[in-house]
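Just so you know, these numbers come straight off a predicted model, no measurement behind them.
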Amino acid sequence: MSAYFIRRQRAMTRRFWGYALPSILAMLVSGAYYLVDGIFVGHYVGAAGLAGINLVYPVIMVLIGLAAMLAMGAATTISLQQGARQLTSARQTLVNALWLVLILGAIAPLLLHHWHGDILRALGIEPGSAIWQQASDYLTWIGGGTLLLAANLAVPYLLRNDGRPRLAMILVSSGAVLNILLNYLMVGQLGLGLVGTAQATLISEAVVSLLGLSYFFTPYARLRLSPSMLLPRVGAMPALLFCGLPSLIAQFNLGLLLLLHNSQLMIHGSVKDLAGFTVAGYTEAVFVVILQGLAFGIQPLIGQAAGAGRHRDLRFLMMMGLKITVIYGMVVWLLIQLLPRQVAMLYTGVQDPELLAAAVRSLTLNLAAIPLEGVLLFGIVLLQSMAHTRQALALSLGKTLLLLPMITLLPLWWGRDGVLLAQPASILLLAPPLCYLLWREWRALAPASTAKRPVPLPSRQQQGVTPG
């Protein structure tokens, strides 16, 4: 390898970690928003408050999924356009993303208000009960603040694609700290209950959104905006939404996974088994958040390299990301399989041996394929970042379609253990097509690793603007 390419790889390695590490930290901190809500509600409101949050959380996950679709669709399109030096188009994509966030923030609260009671009843909440009031209060405020939720989620994606991963990390971390302080004040001191914790979350999201979006109107922004640029291009919006569709499906998968496992464990297991599965869920959540930080962090680098046709850089990023994902997944898998009792005790303690045994069983069985789960997550984001949306969408939908028969049939043979094995079985079945798609992409990049052959961008009609 020539001295030039050695220097190039060293520079790419620095950029890789310069984007990945702040993103990982930001993802860990952003996950604390609703965790903090749960902690304060558990201490100051009680069981009815916790139940209220948990029961309406599938609705919140839908809103998060829609916001993630907008954010990832915009991030992918912007990075590809920047790589192809189409800065005018990238600015227009940013403007379109802001309009879509605004539209989602306007429509979702109206729909939630119209079907408010129907949604609560569909979630199995009894009208007039204490949980009904708690869940209603929380859904009213969080749903009404969908604009802030969506803007808060979009800000880190947009800032990273403007070359500001550290600023994204600082804003997200500051928002989490503010959320803790406001929860302490409004829930702990003022006794506002779920209304207070929802208001604390929305105020924190509002501060992050305002500061993050206002950055794009300053001279420091590469994609600097001005009021005269804020006209939308409606024709380009469907392509943006399609680019982000795998993110919506991934969020839907999480909600479906939780719903199906909970219902099946109550049929084939016990309350202790359900609580033990929660331990596996928390452990998996930490694993996934760190990998999402890695994948979403380097997404701008992948998109820019794809847009510019820098195949050698793409191969380097792909290989480095997959190596880290596999090594990290194997370390976590070994930790779980060799020390499951110690991991479970972090959540359950030793006071309840039956709960501890259920948690150990859930960890070892439900997370048996966690290295492949990591490769699947990274592979979907990788393909999505390179504008291979159909392949990414096929993998996301494939996981859902495989999970449905697995979680229905396996418990008929193996009972409770069949429920826990449904997810790893689905991932194992999805591994061959995943490996084939990644291998095919690797082969496609190899012959042209030194040539500039940009990834096709949407047509001018789809973009709605003339490339700059």
Keeping the roles fixed (side chain from [X], backbone from [Y]), state whether a donor-acceptor pair exists under 3.5 Å.
X      : Y      : answer
Trp333 : Ala369 : no
Ser209 : Asn152 : yes
Asn96  : Met237 : no
Arg315 : Trp442 : yes
Thr197 : Gly193 : no
Gln92  : Leu231 : yes
Gln423 : Leu403 : no
Thr146 : Gly143 : yes

Measuring only between side-chain heavy atoms, which start at C-beta, is [X] closer than 4.5 Å to [Y]?
X      : Y      : value
Pro156 : Leu171 : no
Arg224 : Pro219 : yes
Leu377 : Glu373 : no
Leu63  : Leu112 : yes
Arg222 : Arg164 : no
Pro300 : Gln304 : yes
Asn161 : Gln299 : yes
Glu205 : Asn179 : no

To the nearest 0.5 Å, how far apart are [atom1] in [X] and [atom2] in [Y]?
X      : Y      : atom1 : atom2 : answer
Leu98  : Leu230 : CG    : CG    : 7.5 Å
Leu397 : Arg390 : CG    : CZ    : 13.0 Å
Arg91  : Ser226 : CZ    : OG    : 9.0 Å
Leu225 : Phe217 : CG    : CZ    : 5.0 Å
Leu158 : Phe216 : CG    : CZ    : 5.0 Å
Leu294 : Ser23  : CG    : OG    : 8.0 Å

Looking at every non-hydrogen atom in both residues, tell me the closest pair between [X] and [Y] and how far apart they are.
X      : Y      : value
Leu395 : Leu430 : O-CD2, 3.6 Å
Gly374 : Leu291 : CA-CD1, 3.2 Å
Met330 : Pro371 : SD-CG, 3.7 Å
Leu159 : Gly212 : CD2-O, 4.1 Å

Point to revise | Residues that Phe296 engages under ring-ring contact (aromatic ring centres under 6.0 Å, His included), provided they are two or more places apart | key: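 Phe296: ring-ring contact (aromatic ring centres under 6.0 Å, His included) contacts with Tyr157.
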Point to revise | Test ring-ring contact (aromatic ring centres under 6.0 Å, His included) applied to Tyr328 - qualifying residues, sequence neighbours left out | key: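 Residues passing ring-ring contact (aromatic ring centres under 6.0 Å, His included) with Tyr328: Phe287.
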Practice item. Scan side-chain atoms only and decide if Tyr19 and Arg160 contain a donor-acceptor pair under the 3.5 Å cut-off. Key: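 Distance-only check fails for Tyr19 and Arg160.
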**Study point:** The single option from Thr77, Thr76, Ile78 passing side chain to side chain contact (heavy atoms under 4.5 Å, CB included) against Leu80
**Key:**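 It is Thr76, the one option of Thr77, Thr76, Ile78 that forms the side chain to side chain contact (heavy atoms under 4.5 Å, CB included) with Leu80.
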Review point. Quick one: which of Leu363, Val288, Leu335 gives a side chain to side chain contact (heavy atoms under 4.5 Å, CB included) with Thr283?
Key: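 Result for side chain to side chain contact (heavy atoms under 4.5 Å, CB included) with Thr283: Leu363.
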Point to revise | Under the side chain to side chain donor-acceptor pair (under 3.5 Å) test, residues paired with Gln391 that sit two or more places apart | key: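 Residues passing side chain to side chain donor-acceptor pair (under 3.5 Å) with Gln391: none at all.
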**Study point:** Partners passing side chain to side chain donor-acceptor pair (under 3.5 Å) against Tyr184 (at least two apart in sequence or in another chain)
**Key:**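 Gln189.
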Point to revise | Residue pairs fulfilling side chain to side chain donor-acceptor pair (under 3.5 Å) with at least one residue in residues 97-111, sequence neighbours excluded | key: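 Found none.
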Review point. Should we say atom OH of Tyr220 is surrounded by more than 12 heavy atoms from elsewhere, each under 6.0 Å from it?
Key: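 Not more than 12 within 6.0 Å, no.
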Check your understanding: Does atom NE2 of His116 have more than 12 heavy-atom neighbours from other groups under 6.0 Å away?
Key ->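 Yes, enclosed.
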Please list every donor-acceptor pair under 3.5 Å in which a side-chain atom of residues 318-325 meets a protein atom from a residue at least two apart or in another chain.
residue : atom : partner : partner atom : Å
Thr325  : OG1  : Gly321  : O            : 2.7

